2 protein chains.
Amino acid sequence: MQTSQRTDQQRATERRRKELLEAADRVVLRDGPEASMNAIAAEAGITKPILYRHFGDKNGLYRALAKRHTDALLASLRTALDSADARRDRVEATLDAYLTAIEARPQVYRFLMHPTEQESSDTEKGFDAGRQSAPLLRRLGEELARIIAERLDLGPGGDELARVWGHGIVGMMHAAGDWWLGERPCSREQLVRHLADLLWGRLAAAADMPGGPGL
Amino acid sequence: MQTSQRTDQQRATERRRKELLEAADRVVLRDGPEASMNAIAAEAGITKPILYRHFGDKNGLYRALAKRHTDALLASLRTALDSADARRDRVEATLDAYLTAIEARPQVYRFLMHPTEQESSDTEKGFDAGRQSAPLLRRLGEELARIIAERLDLGPGGDELARVWGHGIVGMMHAAGDWWLGERPCSREQLVRHLADLLWGRLAAAADMPGGPGL
DNA sequence: CGGTAGGTGTTACCGTTAGTAACAATGGCA
DNA sequence: TGCCATTGTTACTAACGGTAACACCTACCG
């Protein structure tokens, strides 16, 4: 029968694709995000054209690779967001989940943050001003925005507000996490508390330094 | 006299360097951050090796180029931070200054956010986990941290807190700005207000959506 | 049985890139 | 005049992403 055979072929192809992705994963995690297609092909025991047949181009391979890791990270963040009872605890748990992930596997983090300049397709060749951030950040931002809009009563225009906050919070988490991972100026728990304090309006409530120009 | 002559030479060299930087600027702003060294040399009316003599490698040129724009942006942000009287107005003015800058010259913004993988030098070849962000963001974060630590009375451990907040706020501004620049979901003024609301603790104060699981 | 279609795999190449070696010309200075 | 530094060139290397052309195997189908 043609269909069942076709299905067998497809499964074999998918299995092969998965093997190639795992080889690529090993290389990227060993050599960093700039790993060459030659190196990946060699790790998989084959040569370049096969990679190109499976993934189209380097971006295709990297997008497939990033999707796996991004899905995993997103799942753990969603779990954290549903964990505790108090809002502050949930926010802290989510921040902590993100920081724990990037701390545990910095190479994965480094790869995911690498801008892969996903195909522009619709933009008219030249200047897409935005889209500078890694796709991971965009996805996290949108996801968080959805959750905020669903769970918080923000009144009229709440959806727009939720999206701004989603991207803003993710950006805060990312930048602080990146800096923290490089310099390790404090414990993870303390960083989480500091960031939650910021979100809880402590910046607005703090007193001016006596004698200064104030902020 | 040897010293004065040496000074003349140095000045000539610096002027030449400046000319080359201006040519590079034109090309990068026209062709994007991936402009080739050949293209830059051609724009300057010379050939590659001269560029390499002046700037060492591509990163050297790009770092020199980025410094000028970063200095300019930082100056305008500092001005905004000293503008109004109320803290909320200052924060809004600063956010607005940043967003105005990236809106007015998105090519410059795009170039500055391009990760230039500045020389690692001290890290032992392979894994610097952090340092993923563009140098511009690090610098903005450190600068903001300094100002916060100087002007706010945050009690013991305030310096550490200020640094976390500095990088966190800059990251928030960057991610939200990048998303906004790409999708233009609202006016600049509204984005500024939304972000300031976030920093003013409105996330913590918002009511749960009635009937939902809450956040 | 032989043909044909589709998948896997190869070698050998292309165009472009960052970066370099080797050499020529200019101009001030002893 | 001879020396030295600087500016400039041409011509190259090594590596990269990507592709064309071809060989092989296997399975279905007349």
Side-chain angles (χ1 to χ4, degrees), chain A residues 1-24 27-28 30-65 111 114-120, chain B residues 1-24 27-28 30-65 111 114-120:
Chain A
M1 206 217 281
Q2 202 179 14
T3 61
S4 75
Q5 162 219 354
R6 187 95 169 261
T7 303
D8 282 1
Q9 283 288 1
Q10 278 182 333
R11 288 197 189 174
T13 298
E14 279 176 25
R15 204 170 42 241
R16 193 78 181 101
R17 185 187 162 98
K18 203 172 164 187
E19 287 172 19
L20 297 183
L21 273 180
E22 275 158 17
V27 177
V28 164
R30 167 162 40 85
D31 297 353
E34 293 93 0
S36 78
M37 293 297 267
N38 257 326
I40 294 173
E43 169 74 27
I46 52 169
T47 50
K48 273 192 299 174
I50 303 179
L51 283 182
Y52 283 95
R53 279 219 266 271
H54 273 271
F55 301 103
D57 61 355
K58 194 175 186 177
N59 267 324
L61 200 173
Y62 274 37
R63 247 179 287 129
L65 210 49
F111 166 68
H114 205 70
T116 68
E117 58 191 280
Q118 67 271 34
E119 88 274 47
S120 46
Chain B
M1 205 217 279
Q2 203 177 14
T3 59
S4 75
Q5 163 218 357
R6 187 96 167 260
T7 302
D8 282 1
Q9 283 288 1
Q10 279 182 332
R11 289 197 187 174
T13 299
E14 279 176 24
R15 204 170 43 240
R16 192 80 181 102
R17 185 186 160 98
K18 204 173 163 189
E19 288 172 19
L20 297 182
L21 273 180
E22 274 159 18
V27 177
V28 164
R30 167 161 41 85
D31 298 353
E34 293 90 2
S36 78
M37 293 296 267
N38 256 326
I40 294 173
E43 169 74 27
I46 53 167
T47 50
K48 273 191 300 175
I50 303 179
L51 283 183
Y52 284 95
R53 278 218 267 269
H54 273 271
F55 301 104
D57 60 355
K58 194 176 186 176
N59 267 324
L61 201 173
Y62 275 37
R63 247 179 289 128
L65 210 47
F111 167 68
H114 207 70
T116 68
E117 56 192 282
Q118 67 271 34
E119 90 277 44
S120 47

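Here is how names work: the chains are called A, B, and so on, in the same order as the sequence lines, proteins then strands, and each is numbered from 1. No experiment lies behind these values; they were computed from the predicted model shown.
A/Ile50 comes within 4.0 angstrom of a nucleotide base, judged by non-hydrogen atoms across all strands.
For A/Arg53 and D/dG18, a side-chain-to-base donor-acceptor distance below 3.5 Å is absent, hydrogens and geometry of angles not being considered.
A salt bridge links B/Arg16 to B/Glu19: one of the charged nitrogens lies within less than 4.0 Å of a carboxylate oxygen.
Applying the ring-ring contact (aromatic ring centres under 6.0 Å, His included) rule to B/Tyr62 yields the partners B/Phe111; only residues at least two apart in sequence or on another chain are considered.
Side-chain contact between A/Phe55 and A/Arg63 is absent, with no heavy-atom pair separated by less than 4.5 Å.
One finds no side-chain N or O of B/Thr47 lying less than 4.0 angstrom from the OP1 or OP2 phosphate oxygen of D/dG8. Contact check, B/Arg17 against D/dT6: no side-chain N or O comes under 4.0 Å of OP1 or OP2. Neither OP1 nor OP2 of D/dT7 sits under 4.0 Å from any side-chain N or O of B/Arg15.
Following rounding to the nearest Å, B/Ile40 (CD1) and C/dT17 (C1') show an atom-to-atom distance of 12 Å. Following rounding to the nearest Å, B/Leu51 (CG) and C/dT20 (P) show an atom-to-atom distance of 13 Å. Between the CG atom of B/Leu61 and the C1' atom of C/dG19 there is a distance of 13 Å, rounded to whole Å. In this structure, the CG atom of A/Leu20 is 12 Å from the C1' atom of C/dG9, given to the nearest Å.
Between B/Ala41 and B/Leu51, the shortest heavy-atom distance links the atoms N-CD1, 3.7 Å.
Of the listed residues (B/Leu21, B/Leu20, B/Val28), just one forms a side-chain contact (heavy atoms from CB on, under 4.5 Å) with B/Leu61, and that residue is B/Leu21.
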Distances under 3.5 Å only, N/O to N/O: pair up the protein atoms with those of nucleotides 13-17 of chain D.
unit_1, atom_1, unit_2, atom_2, d
D/dG17, OP1, A/Lys58, NZ, 2.5
D/dG17, OP2, A/Met37, N, 3.0
D/dG17, N7, A/Lys48, NZ, 3.3

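Sorted by first and then second residue, the pairs that involve residues 41-61 of chain B and meet salt bridge (charged side-chain N to carboxylate O under 4.0 Å, His left out), not counting sequence neighbours, are B/Arg26-B/Glu43, B/Arg30-B/Glu43.
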